[in-house]
Chemist: 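Have a look at the structure that comes next, please.
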Amino acid sequence: MAQKKLLLIDGNSVAFRAFYALYRQLDRFTSPDGLHTNAIFTFKNMLDAIMKQTKPTNVLVAFDAGKVTFRTKMYQDYKGGRQKTPSELSEQLPVIRELLKDLGIKSYELKNYEADDIIGTLSKMGEDAGYTVDVVTGDRDLTQLASDKTTVLITKNGVGDTEAYTPEHMKEVNGVTPTEFIDMKALMGDNSDNYPGVTKVGPKTASRLIQKYGSVEKLYEHVDEMKKSKLKENLINDKDKAFLAKKLATIDRDSPVEVTLADTKLQDPNIEDLRNLYERLGFKKFLAELGASATNSNKQEIEKYEYLELTKENIVELDNINEKEVTFYLAMLGDNYHLAPLEGFSLKVGNKIYVSKDVVLLQENPLRQMLENKNIKKNVFDIKRTYVGLNRLDIKAEGLDYDMLLASYLVNNENNSNDLGEVAHLYDDYSVKTDLEVYGKGKKQAVPEDGEFFEHLSAKVAVIEKLKEPLLAKLKDHEQDDLYETIEIPVAFVLAKMEITGIKVEASVLNQLGNDFAVKLQELEHKIYQQAGEEFNLNSPKQLGHILFEKLGLPPIKKTKTGYSTSVEVLEQLKMKSPIVSEILDYRQIAKIQNTYVKGLLECIQPDGRIHTRYLQTLTATGRLSSVDPNLQNIPTRTDEGKQIRKAFVPSTKDGYIFSCDYSQVELRVLAHVSGDEHMQEAFKSGYDIHAHTAMKIFHLDSPDEVTPLMRRHAKAVNFGIVYGISDYGLSKNLGISRKQAKTFIENYFEQYPQIKNYMDEAIKKARENGYAETIMHRRRYLPDIHSKNFNVRSFAERTAINSPIQGSAADIIKIAMINMQKKLDELHLKTKMVLQVHDELIFDVPKDELDTIKKIVPEVMQSAVKLDVPLIADSNWGHNWYDAK
DNA sequence: AAACTCACG
DNA sequence: ACGTACGTGAGTTTA
């Protein structure tokens with residue numbers, strides 16, 4: 001006999017979760033006729049995930065019937081003070097019920113009762129009739145229903161993710177059985193349902209008491225025997241409350257429901273109605289899932305792409321092709337394309353798609369010729385990855401022309417993803433799956449069987465081609481075609497070459513440093529344990545917090561979500577109180593260098609003696625690059641010990657140089673340019689020390705000689721603050737001055753640089769009008785939060801509106817410099833390689849005899865990358881390793 | 001997987 | 001009055 005399985009869903013609760021899961025996208029999810037759809041959409045996704053997980057034979061979704069229930073009659077304020085359901089959600093509830101009906105799922109509500117009671121009653125009916133029962137809800141109240149036959153699944157963050165409450169799990173979490181949980185709640189009360197329990201009794205105490213006495217009733221039988229205490233007093237005073245709370249907390253498992261178990265049997269979905277509903281709501285994803293069955297009116301069916309598997313034998317078929325444009329995808333398993341195994345490829349030529357798992361075929365003609373012919377344009381997803389991957393096969397790709405990843409990143413980097421499937425879904429094309437879906441993740445990641453794999457690869461090339469025109473049109477519409485064509489595409493090749501070159505790192509230097517640090521760490525550890533009077537895990541903030549603030553009684557200056565903060569900020573302030581603190585700071589600093597840099601970098605040195613980082617070109621919100629595996633943009637420079645790491649970064653030629661050239665104050669120069677502020681422009685044009693100049697201005701001094709080092713330091717912080725979208729609080733914290741003083745600084749600043757103030761106001765205004773902020777090269781950052789009603793959220797968006805054009809324009813500038821630089825190196829046939837970029841700095845691996853040339857051309861190229869209203873200045877340094885290039 | 005901490009511009 | 005600087009990646013512990 002097939003197993004009978006009943007699934008009971010708390011409709012309101014799950015809809016509520018669904019609504020808030022996509023709350024930020026609220027305005028993006030609307031149907032053609034203006035109905036919000038975010039909750040409906042997510043509800044369906046969650047439902048699918050739950051059904052897949054539980055595989056029920058019977059399903060019922062219970063809804064609340066209204067405000068008035070038997071509980072409100074018992075206690076007037078039940079659920080009082082609760083915010084009423086937002087209208088954007090309540091308008092979606094009837095549609096969810098319609099959706100359920102079309103899906104063949106029973107939904108039900110009962111006057112005077114809550115969804116909880118319907119579920120309680122049906123779960124009991126189900127259990128009695130021999131069903132296994134699953135309950136899904138976001139509300140922990142229902143965990144009281146857990147039993148050996150019933151599991152309560154509490155929805156967690158993320159679609160379809162749940163925490164399963166069995167009686168065992170209940171015991172682990174609360175220390176009590178599901179029925180005892182009701183008694184626990186009687187003592188605790190429920191804030192969200194707005195009824196009190198016993199004063200000062202929270203989960204801990206409630207759990208302890210119920211474990212001891214078994215129930216509220218038994219507790220009160222013995223309450224007089226308790227020792228005199230505040231708790232005892234409270235228990236006695238709040239006895240009525242406790243008994244009322246117990247009634248309110250108890251789910252009615254015998255409510256007069258009119259449904260039978262037979263009514264809950266899962267029915268076949270009504271495809272036609274579903275199609276109509278999805279069309280009305282604009283749900284392309286679900287329409288696509290319905291596929292092409294009943295009608296032919298539907299244009300959104302999943303496309304299946306025909307493909308031909310290429311082999312050594314039939315490869316000749318490609319011989320007679322003379323297309324000017326093809327689409328190509330190279331598949332690898334894993335993100336790190338320098339190392340990830342190459343798994344296959346797909347190629348679309350005209351309307352034919354070819355696939356293969358044999359990447360070696362690519363080295364054979366006519367495939368190799370095609371890839372290396374610059375006159376045959378290739379559409380790809382991720383030029384840099386493709387270029388590097390093919391380079392591993394010793395294929396020098398040419399004519400890589402269109403990059404879907406770069407285009408979509410520029411068009412909108414809000415929801416940025418490096419996954420082709422996800423990007424396609426953003427543009428409503430669901431014919432290609434995500435890599436996560438096809439390959440899985442973590443240890444289980446693997447290439448699926450041939451059919452599925454080839455379908456996936458075919459879909460990829462088809463979609464790259466299909467979305468090319470719409471994406472290019474959007475770029476044009478955004479005036480971003482120039483940014484795309486003359487910056488991002490060329491810089492992708494520059495980065496690819498930098499990554500392939502890599503930078504030479506001496507393992508011996510790192511090993512030596514590692515030994516030294518290990519000795520220091522041992523000593524520090526020993527001293528710290530001695531002062532603490534015990535050994536503990538120094539790397540655990542929790543254990544460290546216990547030692548410092550409980551055992552040693554130091555004042556806890558700051559708290560985190562989970563306990564005491566032990567960050568540098570806090571420890572710095574405690575330094576004076578106990579010598580242990582300085583030693584902990586030293587330990588932390590060295591441990592960081594040891595783990596992240598010595599150990600971390602050693603693991604990344606490849607057999608060629610080099611480290612090949614990956615620059616992520618389509619990740620940041622501002623247009624900067626980021627660097628991973630490893631991150632070479634955060635190699636220490638601020639402390640002496642840290643800086644030593646740089647000694648391991650060396651030139652690849654004998655007696656060669658590491659040459660570094662960095663922009664001086666790019667962001668402030670960009671600000672001077674975009675704001676048009678005369679005073680600041682004047683300062684840069686005259687070559688003044690900008691921070692000293694600011695100090696003169698805000699402290700009302702007449703000559704640079706009057707600027708003290710402290711004034712300069714303060715002025716420097718103000719300049720930084722301006723770039724970040726300043727606040728008096730932030731500045732005061734940064735400088736350790738009073739908030740009032742910080743405020744004065746800022747006011748003086750705006751008085752002296754009125755056009756900067758004006759820029760900031762305009763930046764916010766423009767972001768509000770356009771919905772995005774923009775760099776000098778038209779790179780966009782969308783800022784939907786600029787309209788938020790929440791002060792914090794909105795303020796953050798406003799600061800971002802100020803900062804992004806500055807940080808982003810600086811990123812634009814250095815990208816242009818990199819392109820020009822690579823071009824120059826090629827033109828002059830130099831052996832020098834550009835090896836690293838660190839936001840405002842370029843680093844080169846220079847053979848001895850090219851140093852003089854490099855000294856001359858690098859600053860020239862960087863300074864002339866763009867023409868601003870102020871000069872761009874770049875300073876050079878060099879030495880026989882990165883440490884000496886200072 | 002999240003929280004904390006800390007490295008960089 | 002609200003609670004804060006902007007942008008990143010990675011290692012360790014803890015849940």
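Just so it is clear, the structure is predicted and the values come from calculations on it, not from any experiment. Letters A, B, ... mirror the listed sequences (proteins, then strands); counts begin at 1.
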Chemist: At under 4.0 Å between heavy atoms, what does A/Asn734 touch on the DNA or RNA strands: base, sugar-phosphate, or nothing?
Modeler: base

Chemist: Taking the basic N atoms (NZ, or NE/NH1/NH2) and the acidic carboxylate oxygens, is any pair closer than 4.0 Å for A/Glu488 and A/Arg779?
Modeler: yes

Chemist: Quick one: do A/Glu774 and A/Arg781 make a salt bridge, cutoff under 4.0 Å?
Modeler: no

Chemist: Can you check whether A/Lys559 has a side-chain N or O nearer than 4.0 Å to OP1 or OP2 of B/dA3?
Modeler: no

Chemist: Walk along nucleotides 4-9 of chain B from 5' to 3' and tag each nucleotide B, S or - by protein heavy-atom contact under 4.0 Å, base first, then sugar-phosphate.
Modeler: SSBBBB

Chemist: Checking all strands, does A/Asp629 fall into the base, sugar-phosphate, or nothing category for heavy-atom contacts under 4.0 angstrom?
Modeler: sugar-phosphate

Chemist: Atom CD of A/Glu798 to atom C1' of C/dC6: distance rounded to whole Å?
Modeler: 15 Å

Chemist: Over all strands shown, is A/Asn537 touching base, sugar-phosphate only, or nothing at heavy-atom distances under 4.0 angstrom?
Modeler: sugar-phosphate

Chemist: Across the strands shown, which category fits A/Phe796 at heavy-atom distances under 4.0 angstrom: base, sugar-phosphate, nothing?
Modeler: sugar-phosphate

Chemist: Relative to the 5' end of DNA chain C, which residue comes earlier, A/Ser804 or A/Ser795, by the nucleotide with the nearest heavy atom?
Modeler: A/Ser795

Chemist: According to a strict under-4.0 Å criterion, is A/Gln543 in side-chain N/O contact with OP1 or OP2 of C/dT14?
Modeler: yes

Chemist: Between atom CZ in A/Arg614 and atom P in C/dG9, what is the gap in whole Å?
Modeler: 11 Å

Chemist: Under 6.0 Å from the ring centre and within 45 degrees of the ring axis: does the NZ or CZ of A/Arg739 meet both conditions for the six-membered ring of A/Tyr729?
Modeler: no

Chemist: Nearest whole angstrom, please: distance from the P of C/dC6 to the CG of A/Asp785.
Modeler: 13 Å

Chemist: For C/dC6 and A/Thr622 - does any side-chain N or O of the residue sit under 4.0 Å from the phosphate oxygens OP1/OP2?
Modeler: no

Chemist: Base, sugar-phosphate, or nothing for A/Ile806, non-hydrogen atoms under 4.0 angstrom?
Modeler: nothing

Chemist: Return the nucleotide paired to B/dT5: Watson-Crick means purine N1 to pyrimidine N3 with N6-O4 or O6-N4, wobble means G-U with N1-O2 and O6-N3, both under 3.5 Å.
Modeler: C/dA10

Chemist: Using a cut-off of less than 4.0 Å, is there contact between a side-chain N or O of A/Ser626 and OP1 or OP2 of C/dG9?
Modeler: yes

Chemist: Picking from C/dC6, C/dG11, C/dA5, which would you name as closest to the side chain of A/Leu731?
Modeler: C/dA5

Chemist: What's A/Ala591 touching, base or sugar-phosphate or nothing? Going by heavy atoms closer than 4.0 Å.
Modeler: nothing

Chemist: DNA chain C: A/Lys599 or A/Tyr729, which has the more 5' nearest nucleotide?
Modeler: A/Tyr729

Chemist: Regarding A/Asp516 and A/Lys520, does a basic nitrogen lie under 4.0 Å from an acidic carboxylate oxygen?
Modeler: no

Chemist: Considering every strand and a 4.0 Å limit on heavy-atom distances, what is the contact class for A/Arg781: base, sugar-phosphate, or nothing?
Modeler: sugar-phosphate

Chemist: Rounded off to whole Å, could you give me the CZ-to-P distance for the A/Arg794 and C/dA1 pair?
Modeler: 16 Å

Chemist: Taking only the C1' atom of each, what is the distance from C/dT4 to B/dA7 in whole angstrom?
Modeler: 22 Å

Chemist: For A/Gly725, report the nucleic acid contact type (base, sugar-phosphate, nothing); a contact means any heavy atom under 4.0 Å.
Modeler: nothing

Chemist: Look at the aromatic rings of A/His338 and A/His612 and report parallel, tilted or perpendicular, splitting at 30° and 60°.
Modeler: tilted

Chemist: So what does A/Ala717 hit on the nucleic acid, given a heavy-atom distance under 4.0 Å: a base, only sugar-phosphate, or nothing?
Modeler: base

Chemist: Do the side chain of A/Asn803 and the main chain of A/Val723 share a donor and acceptor less than 3.5 angstrom apart?
Modeler: yes

Chemist: When the P atoms of B/dC6 and C/dA5 are compared, how many Å lie between them, rounded to an integer?
Modeler: 15 Å

Chemist: Rounding to a whole Å, what distance do you find between A/Asn803:CG and C/dC6:C1'?
Modeler: 4 Å

Chemist: Restricting to pairs with a member in residues 614-650 of chain A, which pass ring pair (Phe, Tyr, Trp, His ring centres under 6.0 Å), not counting sequence neighbours?
Modeler: A/Phe649-A/Trp882

Chemist: Can you list everything that forms a salt bridge (Lys or Arg N to Asp or Glu O under 4.0 Å) with A/Glu168? Sequence neighbours excluded, please.
Modeler: none

Chemist: Does any donor-acceptor pair link the side chain of A/Ser540 with the base of C/dT13 at a separation under 3.5 Å?
Modeler: no

Chemist: Atom CD1 of A/Ile547 to atom P of C/dT13: distance rounded to whole Å?
Modeler: 16 Å

Chemist: Tell me the interatomic distance from A/Asp728, atom CG, to C/dC2, atom P, rounded to whole angstroms.
Modeler: 13 Å

Chemist: Kindly say whether A/Gln752 contributes a backbone atom to a donor-acceptor pair with the side chain of A/Lys757 at under 3.5 angstrom?
Modeler: no

Chemist: Tell me: CG of A/Asn790 to P of C/dA1, nearest whole Å?
Modeler: 18 Å

